[in-house]
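Worksheet for the structure shown next.
In each ligand, atom 1 is the first atom listed, and ligand 1 is the first ligand listed.
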Amino acid sequence: MKPIVYITRKLPAEAVTPLQDQFEVRMWESESEAVPRTVLLEEAAKADALWTVITDTVDDELLAAAPQLKIVANMAVGYNNIDTTAAQERGVIVTNTPGVLTETTADLTFALLLATARRLGEAEQELRAGKWTSWTPMGYTGMDVSGATLGIIGMGRIGEAVARRSKGFDMRVLYHNRSRKPKAEAEFGFEYAELDKLLQEADFVVTLTPFTPETAGLIGTRELALMKKTAILINSSRGGVVDETALYEALKNGTIWAAGLDVFETEPVPVDHPLLSLPNVTALPHIGSASVKTRLAMMNLNAQAILDFFEGQEPKNRVV
Ligand code: GLV
C-alpha cells in the first residue's frame, strides 16, 4: 500500500505529478474554498502526509486525530497556522517554502507601498465610476516615495529584498530586527534602529515579521501615535501583527496618513470591515507571493519535501 498524501486545496495537475507514482494522492476538490474542518479531520486521520495552505489550522486536535501522520508540508513561508510545538511533541515534522517567494513578495510589498502613497486604488475606482471630471491641481495628490525614509520592521529575507528595492528610489532605510544585519548595513547602508526611533522617523513603516505571540499586536495605539502624521503603514506579513481597531482609529483621526494592507486579522476580510470604509486604505487579498512562477515553485518545494522525507532524506526547509 502506498502512503497517503492529502492536499488541502485543488492544485494544477502538474504540481501533483511528482507525487503520483509513490503516493496515493488525495486532494480537496475546490481551488477557491478552504477544506471544511470536518473533512480535514477525516482526511488527516488516514494520511501519512498533509500538504497544507495558510487557511488550514493544524493544531493538537488535528494531530491527535492523525495517528499515521508523519509530515506537514505547508505551502507558505509563514507557518503560524501550525502548532509546531504540538507537532514536535507528536513527532510530526513540519516544512515551509521560503526563498522562492522572497522577490515576488518584495515586489508586491513595494507595489503596495507605491499604490498607497500615490492613491492608485482610490484613483482607479473613481475613474471607473465615471468620477474623473477634469485634471485638478490638488486632486489625488499623495506622498513622495523617492527620497523618503523607509522603516522596515522584520529584516528577514523579504525585509532585505524590500529594502534593496528602495535604493532605486534613493530612500534612507531604517530597520528593526531581533538581530543586526552587519552585511546589509555595510553593503547598502541600511541603519539599525530601535522600534520607537524607527516609528518616529520613517515615512513608510513596513511590517514584515513572522506572526508569533511576541509580534501579535506589535503595532497598536502607542506605536501609531509615535508615527508621523504623514506616515504610511504597509503590512504584507500577517494581519495580527497590527491592531486593526487601533489602526482604524489612527487612520480616521489623522494620526497617520494612510495604510496599505495585503493581510488582515480575519481572512477573507469581511466587506463591511471598518478599515474598508476608509479611502486612505489600500487593501489587497493576501497576494504577496502570487506570481505564476513563484506559486509553481512553492508547489515544487512542497512536493520535494514530501518525496525527500519518504525517501529517508532530511527535507530542506524543515521548521521542526
Ligand atoms: C504567505 O503569506 C506566506 O507565508 O507564504
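Residues P210 and T215 come closest through the heavy atom pair O-OG1, 2.7 Å.
Residue-level contacts of ligand 1 at the 4.0 Å heavy-atom threshold are A76, V77, G78, L101, R238, H286.
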Show me the donor-acceptor pairs, under 3.5 Å and distance only, between side chains in residues 140-161 and residues at least two apart or in other chains.
| from | atom 1 | to | atom 2 | distance (Å) |
| --- | --- | --- | --- | --- |
| Y140 | OH | E126 | OE1 | 2.7 |
| T141 | OG1 | M138 | O | 3.1 |

Table please: side-chain donor-acceptor pairs of residues 266-285 below 3.5 Å, with sequence neighbours left out.
| from | atom 1 | to | atom 2 | distance (Å) |
| --- | --- | --- | --- | --- |
| E267 | OE1 | H286 | ND1 | 2.7 |
| E267 | OE2 | F264 | N | 2.8 |
| E267 | OE2 | H286 | ND1 | 3.3 |
| H273 | ND1 | L275 | N | 3.0 |
| H273 | NE2 | E244 | OE1 | 2.8 |
| S277 | OG | P274 | O | 2.5 |
| N280 | ND2 | L251 | O | 3.2 |
| N280 | ND2 | W257 | O | 3.1 |

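With sequence neighbours left out, Y175 forms a ring pair (Phe, Tyr, Trp, His ring centres under 6.0 Å) with Y192.
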For the pair V320 and T85, evaluate side-chain contact (heavy atoms from CB on, under 4.5 Å) and give the outcome as yes or no after the intermediate values. CA-CA 8 Å; V320 289; T85 310; over 6 Å; no

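Here the options are I82, T57, V94, I7, the test is side chain to side chain contact (heavy atoms under 4.5 Å, CB included), and the partner is T52; only I82 passes.
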